[in-house]
Amino acid sequence: MSRELLTDFGGPVEELAPLLLGMRLRTEFPPGPTEVLINEVEAYAGPRDPASHAYRGRTPRNGSMFGVWGLLYVYRSYGVHWCMNIVTGGEGDPSAVLVRGGVPLAGEKIMVERRGRSTHTADGPGKLTQALGVAGDHDGTSVFEGPVVLLGEPGLRHDVVASPRIGISKAVERPWRFTLPTQAQGS
DNA sequence: ACGAGGATGCTCT
DNA sequence: GAGCATCCTCGTC
C-alpha cells in the first residue's frame, strides 16, 4: 500500500478518516489468517476534540496516540472489550481513527470461533478486535510492521456516509462517524 | 429491527 | 468514586 498517501496527508483527521474506508485489516495469529474490510470508522482529533482520550494531554493509557503515524492505540472499553485506533497525526499530534466495524474477508471460520457466535462477527469496535485477535498487547505496534497490518489503497469512496459519533457524551454533534452503507454490516 | 438494562474493571480526578 | 469511544440478553413490535 502507498503509505505516503496517508503519512503525507496534511489535513485534519476528520478528512483522513473516511479515506480508510475500504482498506483492510489483517492478522495472522494462530490458528490462521483473518482479514476484514473496514466499513465503519470515527475520527478523534486530540486537543481539538473533547471526546478524544487525548483531549487533556498525555497519560499512561493514551501514550501511543502521541507517536508516529500508523501506531495502534488499543484501550480497554467498559472493562471488558478492546477497541483499536490507528494514529493519524505526526509525532506529538494525538489524532486517531477508531475502527468501529468491518466485513469479514478471510478466516471467517476463525473469527466466528473467536466470537462464539456466527453472526455480528465484526460489526462493532469490540467485536472487530475480538474477531481479529487484537488486544492490549498490540497497543503501540505499527500497522506498517505488524502483527496487525493495514492493507489496500486509501481513497475517498463515492458512498461514504457521515453521521454523529456513537457512545460519547461530549462534542456529540460533530459528524465524524463515517460508514460504507453497502451491504448488511458484519453478519 | 429496536430499545432497555446489566456486567465489568480500568483510568483519571 | 465517577465515568466510560461496548456487548449481550431478553423483551416488544
Side-chain angles (χ1 to χ4, degrees), chain A residues 12-21 23 25 34 36 38-67 70-89 93-104 108 110-141 143 148 150 160-187:
Chain A
V13 63
E14 63 269 32
E15 292 180 14
L16 176 57
L19 302 181
L20 300 181
L21 294 171
M23 295 185 75
L25 282 169
T34 51
V36 301
I38 299 170
N39 71 344
E40 179 179 358
V41 297
E42 284 177 357
Y44 285 89
R48 283 195 296 125
D49 183 3
S52 169
H53 288 172
Y55 182 60
R56 297 179 188 283
R58 189 169 190 153
T59 69
R61 173 176 67 161
N62 68 19
S64 297
M65 275 198 282
F66 290 80
L71 295 190
L72 288 183
Y73 165 49
V74 183
Y75 72 95
R76 210 197 257 288
S77 172
Y78 289 87
V80 191
H81 306 102
W82 295 106
C83 292
M84 65 181 292
N85 294 248
I86 298 171
V87 174
T88 64
D93 171 13
S95 295
V97 175
L98 171 67
V99 185
R100 282 195 58 92
V103 177
E108 179 156 16
I110 295 170
M111 292 192 277
V112 164
E113 178 73 21
R114 287 186 182 133
R115 290 275 300 123
R117 66 203 65 236
S118 56
T119 61
H120 299 287
T121 306
D123 58 342
K127 304 180 212 179
L128 180 138
T129 55
Q130 185 182 24
L132 290 174
V134 174
D137 49 344
H138 303 117
D139 179 51
T141 63
V143 296
V148 184
L150 180 66
V160 173
V161 175
S163 57
R165 294 174 291 182
I166 302 291
I168 58 173
S169 59
K170 288 162 270 184
V172 295
E173 74 289 351
R174 300 185 191 185
W176 287 359
R177 174 181 180 238
F178 304 98
T179 55
L180 295 181
T182 51
Q183 73 234 355
Q185 314 286 85
S187 90

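All heavy atoms count here, side chains included; hydrogens, waters and symmetry mates do not.
Taking the side chain as every heavy atom from C-beta outward, A/Met111 and A/Val36 approach each other to under 4.5 Å. For the pair A/Met23/A/Val143, no side-chain contact is recorded, criterion being any heavy-atom separation below 4.5 Å from C-beta on. Two residues are said to be in side-chain contact when any heavy atoms from C-beta on lie closer than 4.5 Å; A/Trp82 and A/Arg76 meet this criterion. You'll find the side chain of A/Val74 stays beyond 4.5 Å of the side chain of A/Thr129, heavy atoms only. Annotation: side chain of A/Val161 is not in contact with side chain of A/Phe178 (no heavy-atom distance under 4.5 Å). Taking the side chain as every heavy atom from C-beta outward, A/Tyr75 and A/Asn85 approach each other to under 4.5 Å.
For A/His81, whose side chain is taken as the heavy atoms from C-beta onward, the closest listed nucleotide among C/dC8, B/dC12, C/dT6 is C/dT6. Among the nucleotides B/dC12, C/dC4, C/dT6, the one closest to any side-chain atom of A/Cys83 is C/dT6. Residue A/Arg117 places its side chain closer to C/dT9 than to any other of C/dT9, C/dT6, C/dA5. Checking B/dC12, C/dC8, C/dA5 against the side-chain heavy atoms of A/Pro60 singles out B/dC12 as nearest. In this structure, the nucleotide among C/dC7, B/dT11, C/dA5 sitting nearest to the side chain of A/Tyr75 is C/dA5. When the nucleotides B/dT13, C/dC7, C/dA5 are ranked by their closest atom to the side chain of A/Lys127, C/dC7 comes out on top.
In DNA chain B, the stems built from three or more successive Watson-Crick or G-U pairs (distances below 3.5 Å) are B:1-7 with C:6-12, B:9-12 with C:1-4.
Put simply, OH on A/Tyr55 is 15 Å from P on C/dA5, counting in whole angstrom units. Atom CD of A/Glu40 and atom P of C/dT6 are 10 Å apart (whole Å). Between the CG atom of A/Asn62 and the P atom of B/dT13 there is a distance of 10 Å, given to the nearest Å. One can place NZ of A/Lys170 at 8 Å from C1' of C/dG3, the figure rounded to the nearest angstrom. Rounded to whole Å, the distance from CZ on A/Arg61 to P on B/dG9 is 17 Å. Protein atom CG of A/Leu128 is 14 Å distant from nucleotide atom C1' of C/dC7, rounded to whole Å. The nearest whole Å value for the distance from the CD atom in A/Gln130 to the P atom in C/dT6 is 15 Å. Between the NE2 atom of A/His120 and the P atom of C/dT6 there is a distance of 16 Å, given to the nearest Å.
Distances shorter than 4.0 Å separate some side-chain N or O of A/Ser169 from OP1 or OP2 on C/dC4. Contact annotation: A/Arg177 side-chain N/O to C/dA5 OP1/OP2 distance is not under 4.0 Å. Look at A/Arg100 and you won't find any side-chain N or O under 4.0 angstrom from OP1 or OP2 of C/dA5. Taking side-chain N and O atoms only, A/His53 has a distance below 4.0 Å to OP1 or OP2 of C/dA5.
Within 4.0 Å of A/Arg165, counting heavy atoms only, lies no atom of the nucleic acid at all. Using a 4.0 Å heavy-atom cutoff across all strands shown, A/Leu98 reaches at least one base atom of the nucleic acid.
In this structure, A/Tyr78 does not count as stacked on the base of C/dC7 under the 5.5 Å centre distance and 30° plane angle limits.
When all heavy atoms are compared, the tightest approach of A/Ala17 to A/Ala43 is CB-CB, 3.9 Å.
Map A/Met84 and A/Arg115 each onto its nearest nucleotide of DNA chain C; the residue landing nearer the 5' end is A/Met84.
For the residue pair A/Arg115/A/Gln130, the side-chain donor-acceptor check at 3.5 Å is satisfied.
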